[in-house]
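One structure is given here, and the rest of the page talks about it.
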Amino acid sequence: VRPFRVQDELERGRIVIVAGFQGTSYRREITTLGRGGSDLTAVALAGALGAEACEIYTDVDGVLTADPRIVPAATKIESLSYDEMEALARGGAKVLHRDAIAWARRTGVALYSRSTFVPDSEGTLVRQNPPPRPSPVVGITGRKDLYLIDADLALTEAVEAMLADIPTAGRTQSATGVRYLLTREDLHEAESLAAELTALGARVQTPVGSVSVVGSGLGEDRQTYRTILTHLSGFEGILTGTVWTAFMAPSQVDAVVMALHRDLLEG
C-alpha cells in the first residue's frame with residue numbers, strides 16, 4: 001500500500017475518498033481483493049497511514065452475540081480481541097471480514113464496527129487486549145454452507161495442489177489422513193471442484209452445517225465446558241482455546257445456536 005497521494009491531499013486539508021475492493025498487482029494490472037475487499041481496503045490504508053483506528057460502518061450497530069434473525073435476545077458485544085473477532089467471522093458472523101481482521105492484527109490498528117444509522121453509538125471495538133469479561137463466552141455463530149474434504153495421507157500432496165488457490169477455513173491432520181474445511185462463499189466452481197476431488201479419491205461432504213462457541217479459555221472454565229458439552233457432545237467437533245466448533249446437518253444449526261445462547265449468554 002503506497003499512500004503518497006492520499007498523504008499529499010491530506011496535507012492540503014482535503015477529505016480523501018478512496019475506492020475500495022480494488023488494487024494493482026506488481027505487474028500493474030488492476031485486480032480485485034476478493035470477498036470483503038472493501039473492509040480490507042479500509043484497514044490496509046489505515047495501517048499504511050499509521051492510524052490508531054479504523055471505523056467500519058454498516059447497517060448493524062456493532063457485533064452481536066448471535067445472529068438476531070435466529071436469536072432475538074442477542075446483544076451487542078462492547079469489545080473483542082482480534083482472535084475472537086476472526087473466530088466469529090470464520091464461524092459465520094457477517095459484520096467484519098476475516099481478511100480485514102487479520103490485517104488489523106498485523107498492523108496493530110484497532111477496529112470499530114458501527115452503524116451508519118446510529119451516529120451516537122460506540123459500536124464494537126476490536127483490539128489486541130480488550131478488558132476482562134465476566135463470562136469466557138462472547139458469541140455463538142452458525143454456518144450451513146460448509147464442504148468437508150477427507151483425504152488419506154497418500155492423497156495429501158495432490159489435494160493440497162488442487163486447493164492451493166482456495167482459502168481454507170480449517171485443516172486438521174490425524175494418523176490416517178487430513179481433513180479440509182471449505183466454505184461455499186470461497187468457491188467459484190464448487191460443483192466441479194467437488195467432482196474433481198471425488199475422482200481423485202477424496203471424500204467430500206456437503207452441505208455441512210457448523211455451530212461455533214467463541215470466547216477465551218473455553219476448556220478452562222469447568223461450568224462453561226460442561227454446558228457446551230451438554231449441547232455438542234453428540235457431534236464431531238474441534239476445541240481450541242478460542243473456539244469450539246461442532247459439525248452437524250444444516251437443519252440442526254439454528255436450534256443448537258439458540259440453545260447454546262440461552263444457556264451460556266442469557267440471564
Side-chain angles (χ1 to χ4, degrees), residues 60-96 98 101-102 104-105 108 110-113 122-144 146 148 169-174 179 181 183 208-250 252-267:
V60 295
D61 184 20
V63 182
L64 303 184
T65 53
D67 187 337
R69 295 170 298 181
I70 299 171
V71 182
T75 58
K76 185 176 69 175
I77 306 169
E78 299 297 331
S79 61
L80 290 162
S81 69
Y82 294 122
D83 289 344
E84 290 167 341
M85 186 65 246
E86 188 170 0
L88 287 171
R90 290 186 180 278
K94 304 293 186 183
V95 181
L96 294 171
R98 61 178 187 264
I101 303 160
R105 180 197 293 110
L111 290 179
Y112 285 92
S113 173
E122 290 297 322
T124 297
L125 170 61
V126 182
R127 63 178 186 177
Q128 185 62 45
N129 295 307
R133 293 179 297 266
S135 169
V137 177
V138 295
I140 317 291
T141 62
R143 300 196 73 114
K144 303 176 183 179
L146 296 177
L148 287 181
R171 183 185 187 279
T172 56
Q173 184 166 339
S174 66
R179 163 167 285 185
L181 180 63
T183 62
V208 175
S210 71
V211 172
S212 296
V213 181
V214 177
S216 57
L218 298 180
E220 299 171 10
D221 184 274
R222 302 309 300 171
Q223 181 59 43
T224 299
Y225 182 88
R226 285 193 293 268
T227 301
I228 299 174
L229 193 62
T230 298
H231 294 286
L232 300 185
S233 61
F235 304 107
E236 181 180 2
I238 303 170
L239 170 63
T240 67
T242 306
V243 58
W244 187 335
T245 297
F247 303 108
M248 62 194 68
Q252 297 174 287
V253 169
D254 290 355
V256 175
V257 167
M258 287 188 288
L260 282 165
H261 192 278
R262 179 194 66 224
D263 291 348
L264 290 170
L265 291 168
E266 295 174 32

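All residue numbers refer to positions in the sequence shown, counting from 1.
Distance alone, capped at 3.5 Å, is enough to place a donor-acceptor pair between the Thr65 side chain and the Thr75 backbone. Remark: side-chain polar atoms of Thr124 are paired, donor with acceptor, to backbone N or O of Ile77 under 3.5 angstrom. Under the 3.5 Å distance criterion, the side-chain polar atoms of Arg143 are matched with a main-chain donor or acceptor of Arg90. Side chain of Ser135 to backbone of Val137: a donor-acceptor contact under 3.5 angstrom is found.
Scanning for ring pair (Phe, Tyr, Trp, His ring centres under 6.0 Å) contacts around Tyr225 gives Trp244, with sequence neighbours left out.
In this structure, the separation between CZ on Arg226 and CD1 on Ile228 is 11.5 Å, given to the nearest 0.5 Å. Here the OH-CZ distance, from Tyr112 to Arg127, works out to 7.5 Å after rounding to the nearest 0.5 Å. Atoms OG1 and CG, from Thr227 and Leu218 in turn, are 11.5 Å apart once rounded to the nearest 0.5 Å. The OG atom of Ser79 sits 6.0 Å away from the CZ atom of Arg133 when rounded to the nearest 0.5 Å.
Remark: Glu266 CD is packed, more than 12 non-hydrogen atoms of other residues, nucleotides or ligands lying under 6.0 Å away.
Side chains of Val126 and Glu84 form no contact here, defined as non-hydrogen atoms less than 4.5 Å apart. Within the 4.5 Å cutoff, the side chain of Leu88 has heavy atoms near those of the Leu80 side chain. Counting only heavy atoms from C-beta outward, the side chains of Leu181 and Leu148 approach each other to under 4.5 Å.
Here the closest heavy-atom approach between residue Ala87 and residue Thr242 is recorded as CB-CG2, 4.1 Å. The two residues Leu96 and Ala89 have their closest heavy-atom pair at O-CB, 3.5 Å.
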Exercise. Between Met85 and Leu111, does a side-chain contact (heavy atoms from CB on, under 4.5 Å) hold up when you go through it step by step?
Worked result: CA-CA 10 Å; Met85 186 65 246; Leu111 290 179; 5.9 Å; no
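Residue Ile140 is tested with Met258, His261, Arg262 for a side chain to side chain contact (heavy atoms under 4.5 Å, CB included); the sole match is His261. Applying side chain to side chain contact (heavy atoms under 4.5 Å, CB included) to Val257 and the options Val253, Leu260, Asp254 leaves one that passes, Val253.
By the 4.0 Å N-to-carboxylate-O rule, Asp67 lies too far from Lys94 to be salt-bridged with it.
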